[in-house]
Amino acid sequence: MLPFILRWRFVKRLFAGLVPVVALSGCSGRQSILDPAGQDSASLLTLFWVMLAGLVVIWLLINGMMFFFHHLSPRKYDESIARKLIVGGGIVFPTVVIAALLAWGLSMMPDQRAPGDGLRVEIVGEQWWWRVAYWPDGADEPIVSANEIRLPVGRRSTFELSSAAVIHSLWIPALGGKMDMFPGRETFLTLEPTEAGTFRGQCAEFCGASHALMAFEVVTMDPEEFETWLAEEAGPAQSPEGEAAIEGADVFSAQGCGACHTVRGTEAVGQVGPDLTHVGSRMSLGAGILAPTVDNFIAWIDHTGDLKPEVEMPAYDDLPEDDLLALATYLVGLK
Amino acid sequence: MTEDPFAKYSGTNRPEPEGTFPPTDEMLARPVDTEEEARRADRLRRAWDEPKGWAYFSAVNNDKVGAWYSLTALFFMLAAGVLALLMRIQLAVPENDFLDADRFNQFFTMHGSAMMFLFAVPMFEAISILLLPAFLGARDLPFPRLSSYGFWCFVIGGCFVMGSVLFDVAPRGGWFMYPPLSTEDMGIGADIWLLGLSFIEVASIAAAVELIVGVLKCRPPGMRVNLMPLYAWYVLVVGGMILFAFPPLIAGDFLFEMERSFDWPFFDPTRGGDPMLWQHLFWIFGHPEVYIVFLPSIAIAAMVIPTVAQRPIVGYSWIVLSAVGVGFLSFGLWVHHMFTTGLPNISLGFFSAASEAVVIPTGIQLFVFAATLMVGKVKRSLPMLWIAGALAIFVLGGLTGVMLAIAPFNWAVHDTYFIVAHLHYTLFGGMIFPVMAGVYYFYPFFRKGRMMSETLGRWSFWLIFIGFNLTFLPMHYTGLIGMPRRVFTYGEEMGWGWLNMLSTVASFVIAAGFAVFVWDLLRPKRNEGASRRNPWNAGTLEWSHNVPEEQWGVRSIPFITSRYPLWDQPKIVERMDAGRFYLSDTKYGYRETIVTSVLDARPQHVQRVTGPAWITMMAAAFTGGAFIFPTFSMYVPAIISGAFAIVCVLYWLWTATAQVPEEPTSDVGLGLRLPRYASGPNAPGWWAVWITMLGDATAFTSLVFGFFFYWTASPDFPPMGADHAGGAALLAAAVLLSLSWLATRSAKATNRHGNVRQARILLAVGMACTVAGGAGLYLAVADLAPTSHAYPAIVCALAVWLGAHLGLGLIAQGYSLARSLAGHTTPIYDADLTNTTLLWHFIVVQALITSAVIGLLPGWMT
């Protein structure tokens with residue numbers, strides 16, 4: 001056992017030395033497999049490091065052998081030795097290695113697919129954004145949100161996935177593996193965050209023009225904090241405060257934004273686009289592509305199609321600047 | 001007045017080989033009459049003379065068609081490579097606007113599709129067409145016009161598909177074309193992909209049939225299967241894989257295009273369809289495809305390595321069994337492309353294990369190479385450098401493959417740049433590098449004695465090798481830190497910028513390496529003092545080629561007793577040149593080759609090989625029309641074009657195949673007389689029909705699989721209260737088609753017994769039954785509404801499929817009848833009728849299965 005561990009650590013260290021960014025572990029980004037913040041992703045990373053170590057050793061052995069026979073070998077070997085090499089290297093060695101790897105690797109599957117502890121999050125892939133609905137244990141109706149997922153730390157949450165039109169795939173590298181989302185079929189994923197933090201997820205299955213622009217923020221929180229947040233999220237929208245925001249609410253209603261978007265507590269009950277009840281409190285705009293600032297809201301409403309090609313929301317590029325500013329102020333205020 | 005040489009034969013007593021076989025050493029050592037041989041050589045030269053001027057393009061010889069084929073595939077590869085460079089420029093920096101999203105999506109779709117369908121598979125077929133006859137000491141492949149037809153189909157289809165990029169209408173749904181994204185896509189891109197590539201797949205299957213029959217039937221006398229050059233074994237395995245892998249995709253394409261053109265909802269979940277069906281059909285094709293690309297390259301290495309080691313391969317049986325093993329296993333792995341689709345753990349476990357199992361036969365092949373180098377005396381060479389590079393790259397790609405086959409790890413990195421890195425490592429290592437090795441190794445064979453530059457070859461190698469690793473090694477890491485595949489841009493804050501910049505810069509180094517290679521390949525070369533015949537001192541038959549070039553392939557077809565005849569059989573080349581062996585003459589001025597038995601290569605008959613013709617090009621053009629017009633919803637021109645294609649093919653068959661010979665048997669030298677005609681299992685044509693129909697049956701099975709897939713995967717199949725196919729009409733169709741089959745079968749038997757008139761009547765009766773059966777089939781499904789639900793849609797799809805086959809069966813019956821009436825089919829010479837009967841065996845099985853599936857099962861299910 002000891003030499004194996006030694007070798008693994010050695011290779012891990014070697015690899016870390018070779019690739020500078022790995023050495024800065026913790027800085028590989030918010031969307032990185034190498035920076036796990038969940039139970040599933042942590043065990044997958046262990047699996048990865050062990051397999052990587054094996055890979056390096058086997059690669060060196062095979063190529064070293066070829067180099068030796070081709071370049072360095074001082075003599076011809078006997079054919080009977082060569083035949084033993086074929087049987088040993090081609091059959092015995094891979095059979096043993098693969099059997100061990102399969103036994104270990106596949107034993108992870110049941111854990112990764114363990115049932116959840118209560119919270120269900122229903123996510124529907126849209127073109128190109130995420131419809132999110134939280135179903136806490138025993139809830140009769142969902143708490144609807146969009147383009148951001150919040151999860152309690154230390155609990156295994158269940159994702160119920162489906163899609164409106166085309167196939168997408170939900171992927172939060174920091175928390176675990178991915179799962180495809182199909183129209184007309186439900187798939188499931190469970191994840192258990194172990195650390196509080198903010199992460200990023202992205203659609204992994206090619207889904208059309210703006211596939212690259214279909215991301216979301218993930219916030220993992222202490223369970224109490226999460227309960228508080230969820231209660232707030234369940235509530236209606238804040239009334240607009242300040243002149244600009246009040247004016248913006250009028251623009252929102254006059255432009256018919258409510259035909260597609262819901263702002264709970266107002267007349268806007270559209271179901272086509274993302275729920276905007278608390279859009280101002282989210283960490284991103286346009287499904288993980290912009291920071292939620294007033295300027296970005298203006299840019300988004302003014303030319304959606306430029307920021308997200310072929311998006312269904314039309315660009316309101318004929319709105320006067322004042323109205324745009326008011327509208328953006330209103331939306332940013334929807335905390 | 002001489003007696004009629006045919007008089008002593010009849011349909012049940014046919015000409016057989018007569019004389020001595022195998023030849024004795026004494027016979028082989030006997031000197032030849034040089035003057036007589038010179039006259040024979042002259043006749044042979046005239047028969048194989050290549051057309052001049054514009055007519056050059058009507059040539060059908062394997063070396064011409066093979067060369068054009070490989071250069072065309074190389075051109076498409078370079079074009080697809082340019083698309084890759086453009087994508088790399090777009091990704092070099094975050095938030096770049098060099099390409100817009102739509103253009104980028106077209107480019108990555110076309111890059112993958114072109115590399116797979118227009119380069120990797122055609123390149124294998126091209127190289128095999130070019131080399132196989134030489135490996136086997138044959139004059140040509142059994143059906144040169146079929147290769148030519150396949151080539152022209154490839155050119156037309158390839159230009160059509162690739163050209164779409166220039167008009168901004170290229171497919172943009174990814175090379176995997178997943179519905180509903182691609183079924184709902186508004187443009188014509190998806191149609192171009194489906195129809196254009198189906199067209200090319202048909203050409204690929206044609207070439208595969210040709211190559212399989214070539215290996216089975218055109219080996220030189222004495223070359224038993226266990227003496228075959230390894231490349232021929234791989235051709236057999238890969239040809240077989242193409243035969244079973246492409247048809248599911250063709251069936252899938254058929255369903256897909258029916259959905260796009262006529263709204264039959266096979267993949268639409270709102271009407272009982274299921275997008276997963278496409279994923280299964282696509283990957284049942286898609287995974288074997290990877291090995292279809294990989295195995296021929298191993299085959300090239302298997303030809304180069306013994307030459308490098310200057311000794312026979314160690315473990316011939318091991319490597320052959322491994323190749324066959326990989327071929328089989330590759331059909332059981334497809335689900336590892338679908339690990340994230342939510343399939344149950346038990347399926348994932350099974351497919352993980354099956355995917356890992358491929359390591360064993362793959363490993364054996366690599367260790368066979370190591371073992372051969374180990375016992376040999378290594379002679380370093382440029383081709384071996386490319387092989388070594390291939391191994392370094394491929395082993396890494398293979399090992400990341402071992403990681404990916406573990407389902408949980410796959411969930412983490414699936415659809416990220418880690419996969420992009422993995423697949424490029426396997427394909428560069430398992431395809432590009434070995435093919436380059438092959439080009440450097442075989443160049444003196446292609447250009448009859450000329451060599452490529454050693455210096456430029458090394459430059460090219462190191463540029464591509466270093467460029468490749470700098471491009472793709474970092475991509476593993478890019479994927480691990482979160483970059484998904486197929487994104488046209490990414491945010492600056494993601495931190496992927498420097499990695500992508502590195503990959504982009506390095507990708508241009510690869511391009512520079514290819515530029516050097518292409519220059520070296522195409523630059524004018526004089527005889528640079530290296531015009532030796534066998535510059536590597538190899539042991540296999542292809543190096544017996546004539547320098548300077550002759551068109552006949554081999555002067556005389558040798559008798560083979562060793563795997564490495566040039567090393568082991570003394571004076572073999574000298575004797576081949578002198579015309580000491582078989583078929584050094586062509587008595588009637590035809591192109592001919594010897595056909596041997598499948599297992600032990602005993603000479604069976606002399607096969608007339610077809611010569612230059614324009615008809616194949618015309619047939620390809622009209623076939624192209626039948627596939628291309630529907631892209632633009634022009635169905636009438638498509639049908640007219642298809643009809644012309646059929647006419648062209650019939651003309652070509654009528655004028656060039658199964659000609660009644662001038663004499664029953666001919667002297668082929670070394671005291672052997674062989675028949676000049678064969679029908680049934682001795683004939684290459686019979687094998688071609690068998691093999692083609694095996695592929696056809698696979699496509700049919702895929703459609704039936706679709707039916708059962710819906711049944712098992714969806715709760716309401718068939719839906720409550722659905723209309724079913726008419727039972728009585730279906731029963732009548734099944735009975736009539738069985739009668740048609742019986743009539744065809746009896747026609748063959750009756751004809752053999754000399755009752756020609758009765759055979760003709762039976763064929764006419766068979767045709768009538770076919771038409772009536774087709775009408776019954778139509779009536780059975782005419783009232784269904786295939787747009788309403790996947791159930792009537794799949795029922796109608798099966799009926800359409802069978803209907804098309806009845807059309808084919810009817811044409812074959814009519815053709816056989818016409819051949820008999822015209823005197824081209826006689827009781828002794830009945831290849832057409834035999835092949836039609838064989839075809840009908842397949843058709844009747846499909847008819848009965850179809851009737852049972854759409855007629856009986858629904859009643860039982862509900």
Side-chain angles (χ1 to χ4, degrees), chain A residues 19 28-29 31-34 44 47-48 51 55 58-59 62-63 65-66 69-70 73 76-79 82-83 85-86 89-91 94-95 98 101-102 105-106 108-110 112-113 165-167 169 173 177-180 182-185 187-188 202 204-212 309, chain B residues 100-102 105 174 178 180-181 184 269-270 275 314-315 318 340-342 345 348-349 352-353 356 359-360 363-364 366-368 370-371 373-378 384 388 391-392 395-396 399-400 403 406-409 411-416 477 480-482 484 486-490 494-495:
Chain A
V19 182
S28 59
Q31 192 169 314
S32 171
I33 292 168
L34 301 177
L44 291 179
L47 179 64
F48 168 70
M51 290 196 295
L55 175 147
I58 295 171
W59 189 88
I62 292 180
N63 284 283
M65 173 186 76
M66 291 301 279
F69 291 140
H70 188 256
S73 169
K76 292 194 199 176
Y77 293 83
D78 196 59
E79 194 166 324
R83 286 180 186 279
L85 180 73
I86 297 175
I91 300 177
T95 307
I98 284 166
L101 181 60
L102 279 169
L106 296 185
M108 283 184 184
M109 277 205 296
Q112 302 259 326
R113 286 186 166 185
V166 307
I167 304 172
S169 187
K178 57 183 72 67
M179 181 58 76
D180 294 353
F182 293 87
R185 169 193 292 256
T187 49
F188 298 90
Q202 192 165 355
E205 180 64 60
F206 179 65
C207 55
S210 283
H211 165 59
Chain B
D100 62 27
D102 184 49
N105 295 341
Y178 279 0
L181 182 63
E184 301 301 320
T270 61
V314 177
W318 280 115
T340 62
T341 56
N345 282 353
L348 301 192
S352 272
E356 298 292 19
V359 171
I360 294 167
I364 292 175
L366 300 185
F367 277 92
V368 162
L373 290 177
M374 184 174 167
V375 299
K377 186 172 158 38
V378 171
M384 188 59 209
L391 208 71
V395 169
L396 183 55
L399 289 171
T400 49
M403 299 167 77
I406 299 293
F409 182 68
W411 298 338
V413 291
H414 178 69
D415 271 336
T416 69
Y477 182 65
L480 290 171
I481 61 169
R486 306 174 181 126
V487 291
F488 75 98
T489 191
Y490 52 91
M494 302 311 297

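Side-chain atoms are counted along with the backbone in the values below, which use heavy atoms only and exclude waters and symmetry mates. Source: prediction; values computed, not measured. Residue numbers start from 1 in every chain, and the chains themselves are labelled A, B, ... in the order their sequence lines are given, proteins ahead of strands.
- Between B:F409 and A:F48, the ring-plane angle classifies as parallel under the 30° and 60° cut-offs.
- Contacts of A:Q202 with chain B are made by side-chain atoms alone, with heavy-atom separations under 4.5 Å and no backbone atom involved.
- Only the side chain of B:D102 has a heavy atom closer than 4.5 Å to any heavy atom of chain A.
- For B:T340, the side-chain hydrogen bond (donor to acceptor under 3.5 Å, both in side chains) criterion is met by A:D180, not counting sequence neighbours.
- Contact of A:L55 with chain B is made through backbone and side chain together, with heavy-atom distances under 4.5 Å.
- Across B:L373, B:V487, B:L181, B:I364, the residue that shares the most heavy-atom pairs under 4.5 angstrom with chain A is B:L181.
- With B:K377 contributing its side chain and A:K76 its backbone, the two residues share no donor-acceptor pair below 3.5 Å.
- Using a 4.5 Å cut-off between heavy atoms, A:S32 contacts chain B through both its backbone and its side chain.
- Proximity to chain B involves both the backbone and the side chain of A:L102, based on heavy atoms less than 4.5 angstrom apart.
- The contact between A:M109 and chain B is made by backbone and side chain atoms together, counting heavy-atom distances below 4.5 Å.
- Residues A:P94 and B:I360 are in side-chain contact: their nearest non-hydrogen atoms beyond the backbone lie under 4.5 Å apart.
- Neither the backbone nor the side chain of B:T270 comes within less than 4.5 Å of any heavy atom of chain A.
- Neither the backbone nor the side chain of B:Y490 comes within less than 4.5 Å of any heavy atom in chain A.
- Using a 4.5 Å cut-off between heavy atoms, A:F182 contacts chain B through its side chain alone, with no backbone atom that close.
- At a 4.5 Å heavy-atom cutoff, the contact between A:A165 and chain B is made by backbone atoms alone.
- Checked against the 6.0 Å centroid threshold, A:F206 and B:Y178 do not count as a close aromatic pair.
- Contact annotation for B:V378: only side-chain heavy atoms (C-beta onward) come within less than 4.5 Å of a heavy atom of chain A.
- With a threshold of 4.5 angstrom between heavy atoms, A:I86 approaches chain B through its backbone and through its side chain.
- If you measure heavy-atom distances from A:P183 to chain B, the contacts under 4.5 Å come from both the backbone and the side chain.
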